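Each remark here refers to the structure printed beneath this line.
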Amino acid sequence: MKNKATKKAIVGILMGSDSDWPVMKAAADACHEFGIGWEAQVISAHRTPEDLAIYASGAQKRGLRVIIAGAGGAAHLPGVTAAMTPLPVIGVPIESKALKGLDSLLSIVQMPSGVPVATVAIGGGRNAGILAAQILAVRDAALTQRMVQFKERLAEESRAKNRNLAR
Ligand code: RP5
């Protein structure tokens, strides 16, 4: 789960437990696909709150530009992170056993005014990584170009599905 990108990490990926990694890995993979350096850590808002305070309050000064945080159940990790950093925070609700992730979704999305968390779908690790890339692309022409090419590929794949259906 360590930073395997060649570049310096500018996206921080947090998760409440290592059981979240299969979903959060998709965010890391998307960052990797766009050539963005990332790092991943297990830090829990409930089990290691002091570690979270240190990570979130120092993230911007360490050079991170976006944080992606995934958690399940009473999923306070993204919101508490957003409370302690000026960086944009993307929340990933992890599917929980008892409530299928609805608890995670509502815990993450229902933030008070002034402290937003950009929340993706339950299990939406890949979209979180893509959204982080889009945020970073605003001030990066080369990354914007890669995003445009990605969108063109998506469109072409969709048209191919249409052609195959028409046969
Ligand atoms: C949350 O509790 C974590 O984000 C995880 O989704 C869930 C279960 O954690 P483990 O019991 O697998 O450590 O804090």
Side-chain angles (χ1 to χ4, degrees), residues 1-137 147 150 154:
M1 230 182 273
K2 60 182 191 295
N3 186 355
K4 64 176 180 183
T6 49
K7 290 184 173 179
K8 180 183 177 319
I10 54 173
V11 174
I13 299 174
L14 293 181
M15 66 211 87
S17 174
D18 59 355
S19 58
D20 301 329
W21 179 237
V23 171
M24 301 310 288
K25 184 180 183 301
D29 289 346
C31 289
H32 193 70
E33 227 173 280
F34 284 100
I36 296 165
W38 58 273
E39 62 177 26
Q41 310 252 355
V42 172
I43 302 181
S44 166
H46 304 121
R47 293 165 177 160
T48 54
E50 294 89 358
D51 296 359
L52 178 58
I54 292 166
Y55 185 94
S57 60
Q60 194 259 342
K61 284 200 179 119
R62 279 201 305 115
L64 294 183
R65 293 292 168 258
V66 181
I67 294 178
I68 300 172
H76 298 129
L77 181 65
V80 175
T81 302
M84 294 189 290
T85 178
L87 297 175
V89 175
I90 301 170
V92 183
I94 303 291
E95 186 172 333
S96 56
K97 277 192 197 124
L99 296 173
K100 305 281 179 212
L102 188 58
D103 44 356
S104 322
L105 173 64
L106 297 179
S107 302
I108 293 174
V109 80
Q110 292 289 37
M111 287 296 290
S113 177
V115 191
V117 169
T119 309
V120 297
I122 297 168
R126 180 164 171 77
N127 264 3
I130 293 169
L131 181 55
Q134 288 177 318
I135 291 168
L136 293 164
M147 191 56 67
F150 168 73
L154 265 189

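Every number for a ligand or one of its atoms is a count from 1 in the order of the listing. All values derive from a computational prediction rather than experimental measurement.
The CZ atom of Arg65 sits 6.0 Å away from the CD atom of Gln60 when rounded to the nearest 0.5 Å. For the atom pair CE (Met24) and CD1 (Ile94), the distance works out to 6.0 Å, reported to the nearest 0.5 Å.
Side-chain contact between Thr119 and Met111 is absent, with no heavy atoms from C-beta onward closer than 4.5 Å. A heavy-atom distance below 4.5 Å is not found between the side chains of Ile43 and Thr81.
For Arg47, the heavy-atom gap to ligand 1 drops under 4.0 angstrom.
Of all protein heavy atoms, the one closest to atom 4 (O) of ligand 1 is Asp20 OD2, 2.6 Å. When hydrogens are left out, the protein atom nearest atom 8 (C) of ligand 1 is Ser19 OG, 4.0 Å; that is the closest non-hydrogen contact. The protein atom (non-hydrogen) at minimum distance from atom 13 (O) of ligand 1 is Ser17 OG, 2.7 Å.
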> Checking side-chain contact (heavy atoms from CB on, under 4.5 Å) for the pair Ile130/Phe150: CA distance, chi angles, key distance, verdict?
Replying inline: CA-CA 10 Å; Ile130 293 169; Phe150 168 73; 3.7 Å; yes
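Geometrically, ligand 1 and Ser44 share no nitrogen or oxygen pair separated by less than 3.5 Å.
Between Gly72, Pro93, Ala71, Ser96, it is Gly72 that holds the heavy atom closest to atom 2 (O) of ligand 1.
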